[in-house]
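Report on the structure given below.
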Number of protein chains: 2
Amino acid sequence: MTSSQGESAQGPGTLRARPVGLVGLGLIGGSLGLDLQAAGLEVRALVHRASTAERARERQLAQRIDTDPAVLQGCGLIVLALPLDRLLDPSEALLAALPADAVITDVGSVKQPVLERWQPLHRRFVASHPMAGMAEAGVEAGIRGLFAGRPWVATPTPGTDPIALAAVEELAALLQAQWLTCAAAAHDQAVALISHMPVLVSAALLEAADLGGSAAGADALVRQLASSGFADTSRIGGGNPELGTLMARSNRDAVLKALQIYEQQLKQLRGMVETHQWEAMHERLRHCRMIRPDFLRD
Amino acid sequence: MTSSQGESAQGPGTLRARPVGLVGLGLIGGSLGLDLQAAGLEVRALVHRASTAERARERQLAQRIDTDPAVLQGCGLIVLALPLDRLLDPSEALLAALPADAVITDVGSVKQPVLERWQPLHRRFVASHPMAGMAEAGVEAGIRGLFAGRPWVATPTPGTDPIALAAVEELAALLQAQWLTCAAAAHDQAVALISHMPVLVSAALLEAADLGGSAAGADALVRQLASSGFADTSRIGGGNPELGTLMARSNRDAVLKALQIYEQQLKQLRGMVETHQWEAMHERLRHCRMIRPDFLRD
């Protein structure tokens with residue numbers, strides 16, 4: 001893995017030479033459109049529905065917005081800002097409209113399946129993942145400054161065009177994102193551990209509080225006594241069910257591996273409760289308190 | 001379980017007739033001292049160390065503060081605001097100093113062991129649990145208004161003196177807490193489900209991210225990519241290790257029962273990933289999103 005601050009990265013200047021194309025104007029695409037236009041770039045966007053195009057024009061998410069893939073003609077870099085399921089199943093019309101000489105990148109939160117699908121489709125494809133918030137979605141969600149200070153991970157392979165990679169790095173730098181590169185497998189395992197598997201851990205907690213409260217005849221009590229700690233721990237488990245399912249589905253192997261490690265740790269902690277190993281448990285919790293700050297953003 | 005808003009509860013006026021005694025001036029005791037004095041009551045406090053007494057006097061946490069248990073003489077209601085381990089192992093000097101006619105209550109976060117220990121010790125003991133934040137501790141931690149709008153749970157038994165119970169309800173009402181009563185077993189199972197077990201669930205997540213990152217050669221990557229979702233889910237697992245251990249230890253049976261229910265739910269969710277039951281998983285996550293708001297405080 002290599003990393004550099006966005007502001008120090010020097011791209012080859014590809015971005016300003018030709019328009020940037022966006023496929024999709026949801027949270028990620030819309031935010032890209034706003035920031036890139038503010039930086040003085042020409043932005044063209046392809047969207048699926050006429051109603052989306054109309055609203056996106058009102059919000060001025062790009063200079064040209066159309067439902068006709070021809071809008072992408074002449075673009076030098078195109079960002080596929082599509083939901084993962086649509087990214088993995090691109091339409092023929094989209095594929096036909098992508099200029100052969102353009103740099104193509106994506107924003108999908110799982111990288112191995114995307115590479116497998118897209119690397120054979122376009123010789124200048126670069127797999128990438130800007131890690132920005134996902135609570136909001138849709139044409140109303142895009143905001144200025146979404147990527148500033150956030151990781152933007154690219155997962156190049158030996159077959160990745162280095163000039164294309166540099167162009168995506170230039171894009172990330174322009175948005176003041178924190179540029180990282182790593183292997184797709186490492187990325188997918190990391191996001192399974194810190195994002196996709198925790199959704200299931202958190203969902204099981206909500207289910208346990210619900211079912212355990214009922215079993216104890218304390219349905220109302222568990223709800224009344226739940227405090228900020230439970231709210232925090234259950235937040236991602238009570239989030240978008242489509243997204244949670246899609247992540248588990250598209251990153252299945254890594255999520256299963258992460259769950260195996262998780263269940264092993266929980267089993268050990270349970271064993272300490274069963275066998276009254278309170279000093280050992282205290283030591284484990286002390287270690288948890290020590291390592292947690294490393295996982296927090298400044 | 002019964003519940004009532006604090007402001008509508010009418011006690012028998014015990015509180016103002018005689019001084020209120022506090023044993024311990026940490027977060028809970030100190031906050032009680034500040035609020036009760038502000039309400040015009042006379043507050044006397046027993047603390048363990050001379051240095052604590054000195055600092056507590058500077059902070060004016062009570063009108064009289066001493067390390068001599070005799071300070072409790074004449075008190076009509078005494079709140080044992082001690083850590084759970086010290087509450088379960090009271091000193092002979094403390095026991096000898098508790099007036100036989102005073103109402104005695106506690107603030108422990110587990111109720112069955114407290115009842116078993118204290119009901120034989122004092123005929124006017126009432127087991128209670130004001131559910132206030134626990135991030136801070138010590139003589140500097142007490143603040144005004146800690147209990148307002150928060151649940152204050154009492155767990156009376158058939159042997160509980162109803163006049164004593166009413167006095168504790170009057171105390172909760174004065175502090176604008178939300179008064180609840182329930183069986184001690186129901187309380188302990190509820191807090192195991194929404195507070196004590198989740199600490200272990202959250203700690204195992206930190207351990208899994210740490211170990212799983214190492215196993216994938218991605219130690220730095222998991223730390224760099226962890227975002228607000230991971231921060232929330234891991235917060236209580238990275239909290240006070242003494243407190244986490246003490247809760248598991250003192251509420252062991254209920255924590256084990258809660259863990260069993262939790263592990264069963266997680267196993268089912270894992271099974272859905274293994275067998276590609278994406279519609280079933282989506283339905284489970286949809287249910288989680290639906291029930292979570294019931295667990296959140298307005």
Side-chain angles (χ1 to χ4, degrees), chain A residues 1 131 151 182 186 189-190 193-194 198 200-212 216 218 221-226 229-238 241 244-245 248-249 252 255-256 258-259 261-262 265-266 269-270 273 278 281-282 285-286 288-289 291-292 294-296, chain B residues 1 131 151 182 186 189-190 193-194 198 200-212 216 218 221-226 229-238 241 244-245 248-249 252 255-256 258-259 261-262 265-266 269-270 273 278 281-282 285-286 288-289 291-292 294-296:
Chain A
M1 183 183 61
M131 300 199 60
C182 66
Q189 191 58 57
L193 285 163
I194 54 94
L200 304 182
V201 163
S202 177
L205 186 64
L206 276 164
E207 294 183 338
D210 185 31
L211 292 174
L221 194 61
V222 291
R223 285 160 172 77
Q224 285 180 282
L225 301 191
F230 189 82
D232 282 356
T233 321
S234 67
R235 182 168 74 81
I236 60 172
T245 306
R249 181 176 189 161
R252 178 176 172 273
V255 167
L256 285 174
L259 268 175
I261 297 168
Y262 176 80
Q265 297 312 114
L266 189 63
L269 290 171
R270 170 165 53 78
V273 182
W278 309 118
M281 166 167 286
H282 179 265
L285 294 180
R286 206 192 53 74
C288 285
R289 181 171 63 178
I291 64 174
R292 181 167 177 266
D294 299 341
F295 289 86
L296 304 181
Chain B
M1 184 184 62
M131 300 199 60
C182 66
Q189 191 58 57
L193 285 163
I194 54 94
L200 304 182
V201 162
S202 177
L205 186 64
L206 276 164
E207 295 184 337
D210 185 30
L211 292 173
L221 194 63
V222 291
R223 285 160 172 78
Q224 285 180 283
L225 302 191
F230 189 82
D232 282 356
T233 321
S234 67
R235 183 169 73 82
I236 60 171
T245 307
R249 180 176 189 162
R252 179 175 171 274
V255 167
L256 285 174
L259 269 175
I261 297 168
Y262 176 79
Q265 297 311 114
L266 188 63
L269 290 171
R270 171 166 51 77
V273 181
W278 308 119
M281 165 167 287
H282 180 265
L285 294 180
R286 206 192 52 74
C288 285
R289 180 170 65 178
I291 65 174
R292 182 167 176 266
D294 298 342
F295 289 86
L296 304 182

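Every chain is numbered from 1, with letters handed out A, B, ... down the list of sequences. Just so it is clear, the model here is predicted, and its values are computed rather than measured.
Each of Val255(B), Leu256(B), Leu211(B) has some count of heavy-atom pairs under 4.5 Å with chain A, and the biggest count is that of Leu256(B). No other option in Ser234(B), Ala190(B), Gly212(B), Ala186(B) has as many heavy-atom pairs under 4.5 Å with chain A as Ser234(B). Between chain A and the options Arg286(B), Met281(B), Gln265(B), heavy-atom pairs under 4.5 Å are most frequent for Gln265(B).
Distance CZ/Arg235(B) to CG/Leu296(A): 11.5 Å, rounded to 0.5 Å. Interatomic distance, CD1 of Ile261(A) versus CG of Asp210(B), reported as 10.5 Å (0.5 Å rounding). How far CD of Gln224(B) is from CE of Met131(A): 10.5 Å, rounded to the nearest 0.5 Å. Taking CD1 of Ile194(A) as the start and CG of Leu206(B) as the end, the distance is 12.0 Å to the nearest 0.5 Å. For the atom pair CG of Leu200(A) and CZ of Arg270(B), the computed distance is 11.0 Å after rounding to the nearest 0.5 Å.
Residues meeting the side-chain contact (heavy atoms from CB on, under 4.5 Å) test with Ala216(A), sequence neighbours left out: Ala218(A), Gln189(B).
Taking every heavy atom of both residues into account, Thr233(B) and Ser202(A) meet most closely at CG2-CB, 4.4 Å. Closest approach of Ala208(A) to Tyr262(B), counting heavy atoms only: CB-CA, 3.7 Å. The two residues Ala203(B) and Leu285(A) have their closest heavy-atom pair at CB-CD2, 3.6 Å. When all heavy atoms of Arg252(A) and Val273(B) are compared, the pair lying nearest together is NE-O, 2.8 Å. Across Gly237(A) and Cys288(B), no two heavy atoms sit closer than the pair O-CB, 3.4 Å.
Interface residue Pro151(B): only side-chain heavy atoms are found under 4.5 Å from chain A. Heavy atoms closer than 4.5 Å to chain A are found in the side chain of Ile236(B), but not in its backbone. Of the two parts of Leu266(A), the backbone and the side chain both hold a non-hydrogen atom closer than 4.5 Å to a non-hydrogen atom of chain B. Of the two parts of Leu205(B), the backbone and the side chain both hold a non-hydrogen atom closer than 4.5 Å to a non-hydrogen atom of chain A.
At most 12 heavy atoms of other shown residues, nucleotides or ligands fall within 6.0 angstrom of atom CZ in Arg249(A).
Under a 3.5 Å cut-off, the side chain of Arg223(B) and the backbone N or O of Arg292(A) do not form any donor-acceptor pair.
Using the six-membered ring where Trp is involved, Phe295(A) and Phe230(B) have ring planes that are tilted, between 30° and 60° apart.
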